[in-house]
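Comments concern the structure below.
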Amino acid sequence: MTKEDPDRTRVGPIPGLQDILTPSSRSGTGCLTLIQGDEADLGKHLILRDRAVVGRSSVCDLTIGDLKASREHCELSIREDGTYVIRDLGSTNGTQVGSSRVEAVLQLRDGDKIFIGETVLRFSLADDIDLKFAGQVGYLLGTDPLTGLQSKRTFDRAFELSLQAARRRGQPLAVLMMDLDGLKQINDAHGHLFGAYSIQETGKLIARVLGDRGRACRFGGDEFTAFLPGVSGAEGRAVAEAIRTALEAAGLEKDSVPLRPTISIGVAAHPSDGSDMSALVAAADEALYRAKAAGKNCVRGPRPAGSRAPGR
């Protein structure tokens, strides 16, 4: 009798595999995935549970940054028989599925490609594994892995679109530039894992304070930035102060080691401090510099008109 080799690979049933391979287990849920277009939009996806609108407006179910798309470009919906259809919403440049222009209502099939301006969306009938994968890819592409905030690429595009809307509607938009105080001392005293923890928890705290009033991202290292549509400079400074006091009161610690970082924040606003991204970021950054120079752990707004900024 031959002795069995303990290192030999054994082939046997894989738990749950039959359920995955059984066609009836496929949910057939409609899913849109953005596969070509604005770099910041790549990987975006939308699971179609009901009626959904695609377009440039921030109120759409799937917002795309394509300037050739209309604000509300097209609509997808589910018929009573479970099929999915698309219709154009009177867009300027039209909607196309494959080689067919959408004139009225067009039924979608698994694998169809939808053309909106310079954007291409793929429609698919997805099972639970597909949906989970699409969610993971979208999260990885659009999220900073340390803080859970938006990736800078995604944030910058959303910032630009919100600023365009603010200019068009004559509404304010506040910008915050934020920098942790004392991170170098934390890294030097306790190691970079403790510094990374401080950055991570600060990002989460910023997101909680902002809520649905605005968006934030990690600008780089221990710097953060945020924009708040419809928020004036004075209101933006109030939000910044709420972030500052929340972090001061949080009393961060890791492994029973007190860390206690604080944050300095500079605030600027459209239209008084600039009408484009670079001008607003520069104004908020200059205000942040003055917050640091004033002793840190404070909030500063833009320098009064006519006063001279110090050399940096």
Side-chain angles (χ1 to χ4, degrees), residues 40 43-44 58 135-163 173-229 231 235-268 277 280-281 284-285 287-289 291-292 296-300:
K44 275 188 176 180
S58 60
Q136 289 173 329
V137 170
Y139 179 84
L140 291 172
L141 287 173
T143 307
D144 173 52
L146 180 60
T147 62
L149 296 173
Q150 282 191 321
S151 67
K152 189 174 184 303
R153 182 185 65 180
T154 303
F155 172 90
D156 285 347
R157 188 56 179 159
F159 186 179
E160 179 60 40
L161 291 174
S162 291
L163 187 54
L173 181 146
V175 178
L176 279 57
M177 290 293 291
M178 300 168 271
D179 190 18
L180 279 179
D181 307 318
L183 189 72
K184 183 179 186 302
Q185 290 83 349
I186 291 172
N187 286 335
D188 290 346
H190 308 294
H192 285 80
L193 286 178
F194 287 80
Y197 176 80
S198 299
I199 294 171
Q200 178 184 58
E201 293 303 305
T202 300
K204 293 177 182 178
L205 181 145
I206 290 170
R208 287 197 299 270
V209 174
L210 287 181
D212 59 3
R213 291 179 291 184
R215 300 193 190 189
C217 81
R218 185 157 66 107
F219 193 78
D222 59 344
E223 294 181 317
F224 299 86
T225 185
F227 69 86
L228 295 87
V231 172
E235 294 168 331
R237 289 192 292 276
V239 173
E241 182 63 19
I243 292 172
R244 187 197 68 78
T245 55
L247 181 59
E248 187 177 46
L252 295 185
E253 64 176 51
K254 176 178 169 58
D255 300 337
S256 301
V257 175
L259 303 175
R260 309 291 192 267
T262 58
I263 195 165
S264 299
I265 307 177
V267 182
M277 281 181 62
L280 286 170
V281 169
D285 194 46
L288 171 60
Y289 171 80
K292 288 285 193 180
K296 304 179 181 180
N297 190 26
C298 63
V299 175
R300 290 290 182 271

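Numbers here are sequence positions counted from 1. The shown structure was predicted, so the numbers you read here are calculated from the model rather than taken from an experiment.
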If you look at every heavy atom in [X] and [Y], which pair is closest and at what distance?
{"X": "S198", "Y": "L259", "value": "OG-CD1, 3.5 Å"}
{"X": "D179", "Y": "K292", "value": "OD2-CE, 3.0 Å"}
{"X": "K152", "Y": "R218", "value": "CB-O, 4.4 Å"}
{"X": "P229", "Y": "S162", "value": "CG-OG, 4.1 Å"}
{"X": "R260", "Y": "P258", "value": "NH1-CB, 3.6 Å"}
{"X": "G236", "Y": "A174", "value": "CA-CB, 4.0 Å"}

Electrostatic pair R157:E160 at N-O distance under 4.0 angstrom: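 Looking at R157 and E160, the cut-off is not met.
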
Pair K184 + D222: basic N to acidic O under 4.0 Å: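 Answer for the salt bridge query: no.
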
Nearest 0.5 Å, please: how far is [atom2] in [Y] from [atom1] in [X]?
{"X": "I206", "Y": "I263", "atom1": "CD1", "atom2": "CD1", "value": "4.5 Å"}
{"X": "I186", "Y": "K254", "atom1": "CD1", "atom2": "NZ", "value": "12.5 Å"}
{"X": "D156", "Y": "Q150", "atom1": "CG", "atom2": "CD", "value": "9.5 Å"}
{"X": "L228", "Y": "D212", "atom1": "CG", "atom2": "CG", "value": "10.5 Å"}
{"X": "F194", "Y": "L252", "atom1": "CZ", "atom2": "CG", "value": "12.5 Å"}
{"X": "R300", "Y": "I265", "atom1": "CZ", "atom2": "CD1", "value": "11.5 Å"}

Test item: [X] and [Y] side chains (from C-beta on) under 4.5 Å apart, heavy atoms:
{"X": "L180", "Y": "L247", "result": "yes"}
{"X": "M277", "Y": "L163", "result": "yes"}
{"X": "L176", "Y": "T225", "result": "no"}

Within the 3.5 Å criterion, strictly below it, is a donor on E248 or N297 matched to an acceptor on the partner's side chain?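 Per modelled atom types, E248 and N297 side chains form a pair under 3.5 Å.
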
Using only heavy-atom distances, determine whether the side chains of S264 and D181 contain a donor-acceptor pair under 3.5 Å.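 Their side chains do contain a donor-acceptor pair, which is all the 3.5 Å distance test asks for.
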
Keeping the roles fixed (side chain from T245, backbone from A242), state whether a donor-acceptor pair exists under 3.5 Å.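 It does hold such a pair.
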
Do side-chain atoms of R237 reach the backbone of A240 as a donor and acceptor pair under 3.5 angstrom?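 It does not hold such a pair.
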
Please walk me through it: do T147 and I199 pass side chain to side chain contact (heavy atoms under 4.5 Å, CB included)? CA-CA 7 Å; T147 62; I199 294 171; 4.1 Å; yes

Stepwise side chain to side chain contact (heavy atoms under 4.5 Å, CB included) check, K204 with L149: CA-CA 8 Å; K204 293 177 182 178; L149 296 173; over 6 Å; no

So, do F219 and F224 have ring centers that fall under 6.0 Å from each other?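 They do not qualify: ring centres at least 6.0 Å apart.
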
Walk me through whether V281 and M177 qualify under side chain to side chain contact (heavy atoms under 4.5 Å, CB included). CA-CA 7 Å; V281 169; M177 290 293 291; 4.2 Å; yes

If the plane angle is over 60° it's perpendicular, under 30° parallel, otherwise tilted; pick one for F155 and F227.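 Rings of F155 and F227: tilted, as their planes differ by 30° to 60°.
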
Show the numbers, then the answer: is there a side chain to side chain contact (heavy atoms under 4.5 Å, CB included) between D144 and C217? CA-CA 8 Å; D144 173 52; C217 81; over 6 Å; no

